[in-house]
Amino acid sequence: MDYAATGQEALSRVESAGDLDALESLRVEFLGKQGSISGLLKTLGKMSPDERKLEGPKIHGLREAVSEGLAARKQALEGAALEARLAGERIDLSLPAPEQPRGSVHPIAQVMDELAEIFADLGFAVETGPEIEDDWHNFTALNMPESHPARAMHDTFYFPDRDDQAREMLLRTHTSPVQIRTMLEQGAPLRVIAPGRVYRSDSDATHTPMFHQIEGLVIDKGIHLGHLKWTLETFLKAYFERDDIVLRLRPSYFPFTEPSVEVDVGYAFEGARRVVGGSGEGPGHAWMELLGSGMVNRRVLEAGGLGPDEWQGFAFGVGVDRLAMLKYGMNDLRAFFDGDVRWLSHFGFSALDVPTLSAGVGTPA
Ligand code: DAH
């Protein structure tokens with residue numbers, strides 16, 4: 001038998017095996033239990049010692065050569081498969097970043113971050129509360145019992161079901177219930193802000209059914225209106241990044257504060273745009289109502305579990321959307337929630353533009 005020819009034929013078939021499966025079939029065909037070369041090995045047993053001496057090395061040599069050929073081809077095929085996979089998974093780190101960064105930080109998120117930064121510097125912590133509230137936290141504990149006329153002014157969204165304490169459930173109409181939750185959970189003294197979503201059944205160019213507020217609450221001993229005014233002035237100067245912020249405090253009424261103060265800020269027209277700053281007096285200048293505030297009502301302190309003879313405090317509530325519009329010059333509140341990518345890319349902020357007091361809390365992107 002011409003082992004050399006058999007070997008050559010086998011090796012050339014192994015060489016041209018296109019993949020690992022084809023190679024495995026060849027291995028079985030040659031070296032498997034029923035394989036052709038295995039068959040040749042079996043013939044050795046029936047040979048005479050002389051014959052075996054002559055044929056044995058040839059057959060073993062053939063088996064060795066084919067088995068080495070199979071191993072070499074296997075390695076080559078596996079190497080090629082790995083190369084192909086690596087090439088497919090390659091990331092070209094030298095590719096340039098996209099010219100236009102996709103996605104941006106919404107002005108409301110940006111302003112919330114700016115406010116948190118400013119108040120953190122004044123020692124305020126950030127608190128949150130549920131948007132699905134009960135009427136006790138949203139109204140009763142804030143000195144608005146069931147028959148209180150102020151309840152009717154809030155255009156509240158109610159849920160059909162009550163909670164397990166038989167409290168009526170609603171979408172919170174303001175962030176003020178977080179005052180109650182924080183007092184009950186943490187006691188006093190307190191210095192917190194509570195930013196978040198609030199809901200009222202109202203919709204036009206300046207009202208949306210969902211909007212954003214930020215609540216402030218300070219509880220300590222010997223707190224008075226002077227602390228409130230200084231805090232608001234300091235906050236607004238930092239927020240609008242100018243020193244000529246002039247506030248006008250007007251007596252007002254909120255059930256949860258006594259006395260209550262409505263705060264106006266002076267502004268001037270620059271073209272059609274209202275720019276905050278300067279006293280509200282004189283040609284081209286006017287006052288704009290900006291926020292509600294006051295000294296925390298004794299009954300609210302009591303609802304929060306605090307003794308009103310020992311503790312005093314002030315509170316304020318501001319519309320975040322309005323603060324954003326005033327600083328960044330948007331005029332229609334509804335655009336905030338339309339999700340129009342042109343508006344978002346125009347008014348949005350870079351994710352890398354983190355507000356810090358040292359770098360400026362809000363340089364437009
Ligand atoms: N909760 C009031 C509102 O939504 C705003 C407000 C006014 C909050 C006076 C206060 C405050 O904390 O003292 O209209």
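Ligands are counted one by one from 1 in listed order, and the atoms in each one are counted from 1 as well.
- Partners of Arg90 according to the salt bridge (Lys or Arg N to Asp or Glu O under 4.0 Å) rule, which considers only residues two or more places apart in sequence or in another chain, do not exist here.
- A cation-pi arrangement is absent between Lys327 and Phe240, since the terminal nitrogen or guanidinium carbon is not both under 6.0 Å from the aromatic centre and inside a 45° cone about the axis.
- Looking only at side-chain heavy atoms (C-beta outward), Phe119 and Thr231 come within less than 4.5 Å of each other.
- Counting only residues at least two apart or in different chains, side-chain hydrogen bond (donor to acceptor under 3.5 Å, both in side chains) contacts with residues 272-282 comprise Glu281-Trp287.
- Within 4.0 Å of ligand 1, protein heavy atoms belong to His174, Ser176, Gln179, Arg200, Gln213, Glu215, Phe254, Phe256, Thr257, Gly292, Ser293, Gly294, Ala315, Phe316, Gly317, listed by chain and number.
- The pair Arg73-Glu68 does not count as a salt bridge, with every side-chain nitrogen at least 4.0 angstrom from each carboxylate oxygen.
- Listed by chain and residue number, nothing satisfies the salt bridge (Lys or Arg N to Asp or Glu O under 4.0 Å) test with Glu258 (two or more places apart in sequence, or in another chain).
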